[in-house]
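The model shown is predicted, which means the values in this text are computed figures rather than measured ones. Side chains are part of it too, since the values below use all heavy atoms of this structure and drop only hydrogens, waters and symmetry mates.
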Amino acid sequence: MRRLMFLAVLTAANAASAETLDRWPGFLGAGVDASAAIDVPLHWSPNENVAWKCELAGYGQSCPVIWNGVAYVTTVSGPMKESNHVTAIDLASGQVRWTKSLDASSRAKRDIWHSQAAPTPVIDETGLYVYFESGDVVALSQQGVIRWEKSLTKQFGEPKNRFCLASSPVLFGNSIIILIDDDGGPSYLIALAKADGEQIWKTDRKGCASWSSPALVTIGNRQHLVCSSGSIRGYDPKNGDELWSFEQVTGNTIATPTVCSPGKFLIGASPGANGEGAAGVKQSNFAMAVETVDGKPQPRVLWRNEKCYPSYSSPIAHRGIAYWINPSGVVYGFDVETGKQIFAERTKQGCWATPIGIGERVYLFGKSGLTTVIAAGPKFQMLAENQLWDPDQVQVDPVNKIETEKVENKQLATYFGGVKQYGAAVVDGKLLIRTGSTLYCIIERPQPLN
């Protein structure tokens, strides 16, 4: 009897262990459910619950990825982004394990208006795969050994996007898939072999200026690669064949499709900087499903959010609520199934990084360092406001200081050039937040005894 009880306890412990979160393999978690994370702090400040901060070589806007106790981040440096950098940081100590620097095959001015190491890497048991907006793709071992390098720019042509590219790659089977959408240069989807970088397939696309990333969505018994960029299209990730398309959308050039329930996903869209396309954008934030009609997949809008649009973040769904955050920091909650608006509440900062739902909380990473934590679910409840740095002491990222000082419009320079929370990643007990030149690790420290 004792043996049976012991085995039952051991089985339960193993099951609980299997549900914990120990890796964050790509942009927005790349399909990992952050709800599995445990012991993530609710409160922090510059002097509370910050385990370490690591200054990075250069500047970057990508999210960190995590694998086997190591965080990996990308940056660029030089007046013309001449150098691309990949840095591995020990998750326990914050110490740099290694940094690899590579020459960029395409040059573009590095300033506060252009993307800087914006694509997030992807990682799995076979290694780390990094794409830079210069068109350079590099595969490394987790110990920093370069396995292969490839320049998409040299092979297919120079990108012309005036703000540079930003799309993050995805992993599928034995391939790394990259979306290149450009309004003046080549536009295509491409799958490269993880083993050697050789092309598996390439699908040409109609060009548009876009910075959104593709997402793998399980629809029925197969995965579709969904691209929300000018139009919305689903591709077969095995061969690049187009499976379906939806054209009645505008302004969907930044947000990434995010799964809200099985077979369903959210689409975000925003007007241009001067409000262009606002009328179409009102109809372009919605929940979508892909259904089989006469043996063919057909996209269908389930419901629309006509109340708000995001800025640089993507809408997310968590615990039955779909969240949109407008540029002013107003959080809108909609019922995932019906689209009914549940609440609209103001926070103090808009988000450039996409929020993360963790257990019974949703973390909203305000662009200027204030993370607002709210309760998950239909009732809006603010749980905490956490300022990562003192805004009176830190206003301009030191790496971007010269570029910011050269901008005549100081208000715009502060808005775009100030220190920003660009991305986050989470594993059990640890929350990573990156700015342009610093990676922070936040943990729950035990309170000192009286």
Side-chain angles (χ1 to χ4, degrees), residues 21-37 40 60-67 71-74 115 117-124 128-131 166-172 176-179 210-218 223-229 232 237 252-262 264-270 285 287-288 310-319 321-325 336 351-359 361-365 367 371 376 420-427 430-434 439:
L21 184 62
D22 62 356
R23 58 193 60 178
W24 193 260
F27 186 53
L28 306 185
V32 166
D33 184 5
S35 288
V40 177
Q61 298 159 323
S62 57
C63 296
V65 296
I66 302 170
W67 194 272
Y72 301 86
V73 289
T74 58
S115 65
T120 295
V122 283
I123 190 170
D124 65 6
L128 176 69
Y129 304 89
V130 185
Y131 162 68
S167 182
S168 298
V170 297
L171 290 180
F172 176 79
I176 171 176
I177 303 175
I178 302 172
L179 173 64
S210 176
W211 306 268
S212 65
S213 300
L216 286 169
V217 179
T218 300
Q223 286 191 300
H224 293 202
L225 185 72
V226 180
C227 298
S228 179
S229 173
I232 305 170
N252 59 325
T253 58
I254 296 176
T256 294
T258 52
V259 173
C260 58
S261 59
K264 303 174 184 178
F265 50 93
L266 303 177
I267 295 295
S270 304
N285 286 274
M288 173 169 276
S311 53
Y312 297 112
S313 64
S314 301
I316 68 161
H318 185 63
R319 295 287 197 265
I321 303 297
Y323 297 87
W324 264 262
I325 305 176
V336 161
C351 293
W352 285 17
T354 296
I356 299 178
I358 306 173
R361 307 168 187 165
V362 178
Y363 289 69
L364 313 176
F365 304 100
K367 66 181 181 65
T371 297
K420 298 290 184 289
Q421 293 188 142
Y422 283 123
V426 60
V427 291
K430 295 181 175 66
L431 176 64
L432 299 187
I433 299 176
R434 77 146 319 157
L439 180 66

Would you check, one step at a time, whether the test side chain to side chain contact (heavy atoms under 4.5 Å, CB included) holds for R319 with S35? CA-CA 9 Å; R319 295 287 197 265; S35 288; 3.4 Å; yes
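- Checked by atom type and distance alone, the side chain of R23 never pairs as donor or acceptor with a backbone atom of V32 at under 3.5 Å.
- Across every non-hydrogen atom of F365 and A353, the tightest pair is CB-CB, 4.1 Å.
- Under the 4.5 Å side-chain criterion, counting only non-hydrogen atoms from C-beta, L179 is in contact with C227.
- Taking CD1 of I321 as the start and CD1 of I316 as the end, the distance is 11.0 Å to the nearest 0.5 Å.
- Residue Y363 holds its OH atom at 9.5 Å from OG1 of T371, rounded to the nearest 0.5 Å.
- The structure places CD1 of I254 at 10.0 Å from CH2 of W352, a figure rounded to the nearest 0.5 Å.
- In this structure, the separation between CE on M288 and OG on S228 is 8.5 Å, given to the nearest 0.5 Å.
- Between the side chain of S212 and the backbone N or O of T256 there is no donor-acceptor pair closer than 3.5 Å.
- Closest approach of L28 to T354, counting heavy atoms only: CD2-CB, 3.6 Å.
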Please step through side chain to side chain contact (heavy atoms under 4.5 Å, CB included) for the pair L432 and V426, ending with a clear verdict. CA-CA 6 Å; L432 299 187; V426 60; over 6 Å; no
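- Side chains of S168 and S62 form no contact here, defined as non-hydrogen atoms less than 4.5 Å apart.
- Between L439 and P64, the closest side-chain pair of non-hydrogen atoms falls below 4.5 Å.
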CA sep, side-chain torsions, deciding dist, call: V362, I356, side chain to side chain contact (heavy atoms under 4.5 Å, CB included): CA-CA 6 Å; V362 178; I356 299 178; over 6 Å; no
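- Between S213 and P257, the shortest heavy-atom distance links the atoms O-CD, 3.5 Å.
- Without hydrogens or angle criteria, T120 side chain to F27 main chain gives no donor-acceptor distance under 3.5 Å.
- Within the 4.5 Å cutoff, the side chain of S313 has heavy atoms near those of the P355 side chain.
- H318 places no side-chain N or O within 3.5 Å of a backbone atom of Y323 that could act as its donor or acceptor partner.
- The shortest heavy-atom contact between V130 and P121 is CG2-CB, 4.0 Å.
- The heavy-atom pair separating A117 from G60 by the smallest distance is CB-CA, 3.8 Å.
- No side-chain donor-acceptor contact under 3.5 Å links S229 to the backbone of W211.
- Not a single donor-acceptor pair under 3.5 Å links the side chain of R434 to the backbone N or O of V73.
- Formation of a donor-acceptor pair under 3.5 Å by the T258 side chain with backbone atoms of P315 is found in this model.
- With R361 contributing its side chain and V40 its backbone, the two residues share a donor-acceptor pair below 3.5 Å.
- Exactly one residue among V170, L171, I123 makes a side-chain contact (heavy atoms from CB on, under 4.5 Å) with Y129. That residue is L171.
- Residues Q61 and S115 form a side-chain contact, since some pair of their non-hydrogen atoms from C-beta on lies under 4.5 Å apart.
- Judged by distance alone, with hydrogens and angles left aside, the side-chain atoms of N252 form no donor-acceptor pair with the main-chain N or O of A269 at under 3.5 Å.
- Between G268 and N285, the shortest heavy-atom contact is CA-OD1, 3.2 Å.
- Judged purely by atom type and a 3.5 angstrom limit, S314 has no side-chain atom pairing as donor or acceptor with the backbone of A255.
- For the atom pair W24 CH2 and L431 CG, the distance stands at 9.5 Å (nearest 0.5 Å).
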Please assess W324 against L266 for the test side chain to side chain contact (heavy atoms under 4.5 Å, CB included), listing each intermediate value before the final yes or no. CA-CA 10 Å; W324 264 262; L266 303 177; 4.1 Å; yes
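- Here the straight-line distance linking atom CD1 of I177 with atom CG of L216 works out to 6.0 Å at 0.5 Å rounding.
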